[in-house]
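Some notes on the structure that comes next.
Nothing here was measured: the structure is a model prediction, and the numbers come from that model.
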Amino acid sequence: MSFLENTRKPSGLGGRLMVSMMNLGHRPLADWGFQFLDVPADGAVLDCGCGGGANIAQLLKRCPGGTVKGVDYSAVSVEKSRAVNQKAIREGRCA
């Protein structure tokens, strides 16, 4: 697998690097999109294709009394997302 194929379904070392880069590189676009999103403080949110978990972290901030669940078909993405949001997972606010 080429490094760029990790943009589709991250795996292995290249995939771990890719999801970290995505968390940083996609931030400006995610910030732009979040300005149009109204999430209730006690909302229940699903992030489909959670990637590296950066958007889950932002969603958790936007709904401090709510929960956020993330799904992704890449085990590397799920692993990174869990690491980024481990405190919220321990608190039962994130899965």
The reported gap from CG in Leu59 to SG in Cys50 (rounded to nearest 0.5 angstrom) is 11.0 Å

- prompt: Can you check side chain to side chain contact (heavy atoms under 4.5 Å, CB included) on Asp72 and Ser81, steps first, answer last?
  reply: CA-CA 9 Å; Asp72 202 296; Ser81 187; over 6 Å; no

When rounded to the nearest 0.5 Å, the distance separating CD of Gln58 from CZ of Arg62 is 7.0 Å

For residues 10-34, please give each side-chain donor-acceptor pair under 3.5 Å, one per line with the distance, not counting sequence neighbours.
from: Ser20; atom 1: OG; to: Arg16; atom 2: O; distance (Å): 3.3
from: Ser20; atom 1: OG; to: Lys80; atom 2: NZ; distance (Å): 3.4
from: Asn23; atom 1: OD1; to: Ala54; atom 2: N; distance (Å): 3.4
from: Asn23; atom 1: ND2; to: Gly52; atom 2: O; distance (Å): 3.0
from: Arg27; atom 1: NE; to: Asp31; atom 2: OD1; distance (Å): 3.2
from: Arg27; atom 1: NE; to: Asp31; atom 2: OD2; distance (Å): 3.3

Taking every heavy atom of Ile56 against every heavy atom of Gly70, the minimum-distance pair comes out as CD1-CA, 3.8 Å

Would Cys94 and Leu60 count as a side chain to side chain contact (heavy atoms under 4.5 Å, CB included) here? Give the steps. CA-CA 8 Å; Cys94 185; Leu60 286 162; 4.3 Å; yes

Margin query: Just checking Arg93: does its CZ atom have more than 12 heavy atoms from other residues, nucleotides or ligands closer to it than 6.0 angstrom?
Written below: yes

In terms of heavy-atom contacts, Cys63 and Val45 come closest through SG-CG2, 4.3 Å

Item to complete: Look at the side-chain heavy atoms of Ile, Leu, Val, Met, Phe, Trp and Tyr, link any pair under 4.5 Å apart, and say whether Val68 and Leu37 land in one connected group.
Response: yes

